[in-house]
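Chain A is the first sequence line, chain B the second, and so forth, proteins listed ahead of strands; every chain is numbered from 1. As a basis for the values below, the full set of heavy atoms in this structure was taken, side chains included, without hydrogen atoms, waters or symmetry mates.
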Amino acid sequence: MRIDIPHPWPRTEADAIAIQDRLRALVDRAGPGPQDPRLVAGLDVAYAEGSDRVAAAVVVLDARTLEVVERATAVGEATFPYVPGLFAFRELPVLVEALSRLQTVPELLLCDGQGLAHPRRFGLACHLGVLTGIPAAGVAKTTFVGGYDAAALDPRRGAGAPLVDAGETVGRALRTRDGVKPVYVSTGHGIDLDTACRHVLALAPKYRLPQTTRLADRLSRDVLRAHATG
DNA sequence: GCGACAG
DNA sequence: ATCTTGTCGC
């Protein structure tokens, strides 16, 4: 698939923020998104320590069997420093490159990070969703913006509590394993929160993180290591 | 003003 | 994100 980045690459934080503020209007928060998708993709990026080298991985799974359908990777240089809130500008280029090498077209993109649960409501999952036009959601390991009542969150798998920021529900703390810290799901583009959480839960039958994320994480690290070694 | 801050 | 051994538990 071909993916166009409809904006010049920012060099400053102000430029990056301006891009987010502009693209935010293109986000579809309503969904509902795919109800019974077959192809779901997980995306992640691994970083090297002493350099700006980054490796991205996309793993497409059959949502019903959780079997791997396709994998694609890309290696490159980080084009932006890590700045909380501008995280997408660091990972987007290499992720888009990996996505473009895919032969199949996923029905849903699950990103490692936030969607709407972002200070300007435009996290990585929103950005990737708008760029590709594919429904996308973010699954983060920690919260960024949006608090929730941890004490009131039922300890059982499947339980959820709204993430509220500035009076707005921006995502959900979702328990994927009994008694284990939840993951933080937020809509990216073209899917509603309930649907996104349903898929995340189905993709995480055994571990805290969905299988999409776990496989993409492992693959990106393997590729980075292989590239460093030769 | 100060601290915290997705990966 | 990455650096890192063992260890407790199912």
I'd like to know if the side chain of [X] reaches the main chain of [Y], judged simply by a donor and an acceptor atom lying under 3.5 Å from each other, with no hydrogens or angles considered.
X: A:T187; Y: A:H189; result: no
X: A:T132; Y: A:L128; result: yes
X: A:D28; Y: A:A30; result: yes
X: A:Q20; Y: A:G85; result: yes
X: A:R157; Y: A:L201; result: yes
X: A:S186; Y: A:G171; result: no
X: A:E70; Y: A:V68; result: no
X: A:T195; Y: A:I191; result: no
X: A:R120; Y: A:R24; result: no
X: A:T143; Y: A:G146; result: no

Does NZ or CZ of A:R172 fall inside the cone over A:Y184's six-membered ring, less than 6.0 Å from its centre and within 45° of the axis?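 No; the conditions do not both hold, so A:R172 does not lie above the ring face of A:Y184.
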Kindly give the atom pairs (protein nitrogen or oxygen, nucleotide nitrogen or oxygen) under 3.5 Å for nucleotides 8-10 of chain C.
none

Is it true that A:D217 and A:R221 make a salt bridge, defined as a side-chain N closer than 4.0 Å to a carboxylate O?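 Salt bridge present between A:D217 and A:R221.
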Given the rule that I, L, V, M, F, W and Y join up when any side-chain heavy atoms are under 4.5 Å apart, are A:Y82 and A:Y47 in one cluster?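 Both belong to a single hydrophobic cluster.
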Pair assignment for DNA chain C - dot-bracket with | for other-strand partners, Watson-Crick or G-U under 3.5 Å: ..........
Pairing string, 5' to 3', for DNA chain B - Watson-Crick or wobble contacts under 3.5 Å, brackets [ ] where pairs cross, | to another strand: .......
For nucleotides 2-7 of chain B, tabulate all protein N/O to nucleotide N/O atom pairs closer than 3.5 Å, reporting atom names and distance.
unit_1: B:dA6; atom_1: OP2; unit_2: A:Y82; atom_2: OH; d: 2.6
unit_1: B:dA6; atom_1: N7; unit_2: A:G85; atom_2: N; d: 3.1
unit_1: B:dA6; atom_1: N6; unit_2: A:G85; atom_2: O; d: 3.1
unit_1: B:dA6; atom_1: N6; unit_2: A:F87; atom_2: N; d: 3.2
unit_1: B:dA6; atom_1: N6; unit_2: A:H118; atom_2: NE2; d: 3.4
unit_1: B:dA6; atom_1: N1; unit_2: A:L124; atom_2: N; d: 3.2
unit_1: B:dA6; atom_1: N3; unit_2: A:Q114; atom_2: N; d: 3.1
unit_1: B:dG7; atom_1: OP1; unit_2: A:K141; atom_2: N; d: 2.9
unit_1: B:dG7; atom_1: OP2; unit_2: A:T142; atom_2: OG1; d: 3.0
unit_1: B:dG7; atom_1: O3'; unit_2: A:D112; atom_2: OD2; d: 3.1
unit_1: B:dG7; atom_1: N7; unit_2: A:Y82; atom_2: OH; d: 3.3

Which residues, if any, of residues 169-184 of chain A bring a heavy atom under 4.0 Å of DNA chain C?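 Hits under 4.0 Å, by residue number: none.
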Contact between A:K141 and A:R208 at the side-chain level, heavy atoms closer than 4.5 Å - yes or no? yes
Which donor-acceptor pairs under 3.5 Å do the side chains of residues 55-64 of chain A make with protein atoms, sequence neighbours left out?
unit_1: A:D62; atom_1: OD1; unit_2: A:R64; atom_2: N; d: 2.8
unit_1: A:D62; atom_1: OD1; unit_2: A:T65; atom_2: N; d: 3.4
unit_1: A:D62; atom_1: OD2; unit_2: A:R38; atom_2: NH1; d: 2.8
unit_1: A:R64; atom_1: NH2; unit_2: A:D36; atom_2: OD2; d: 2.9

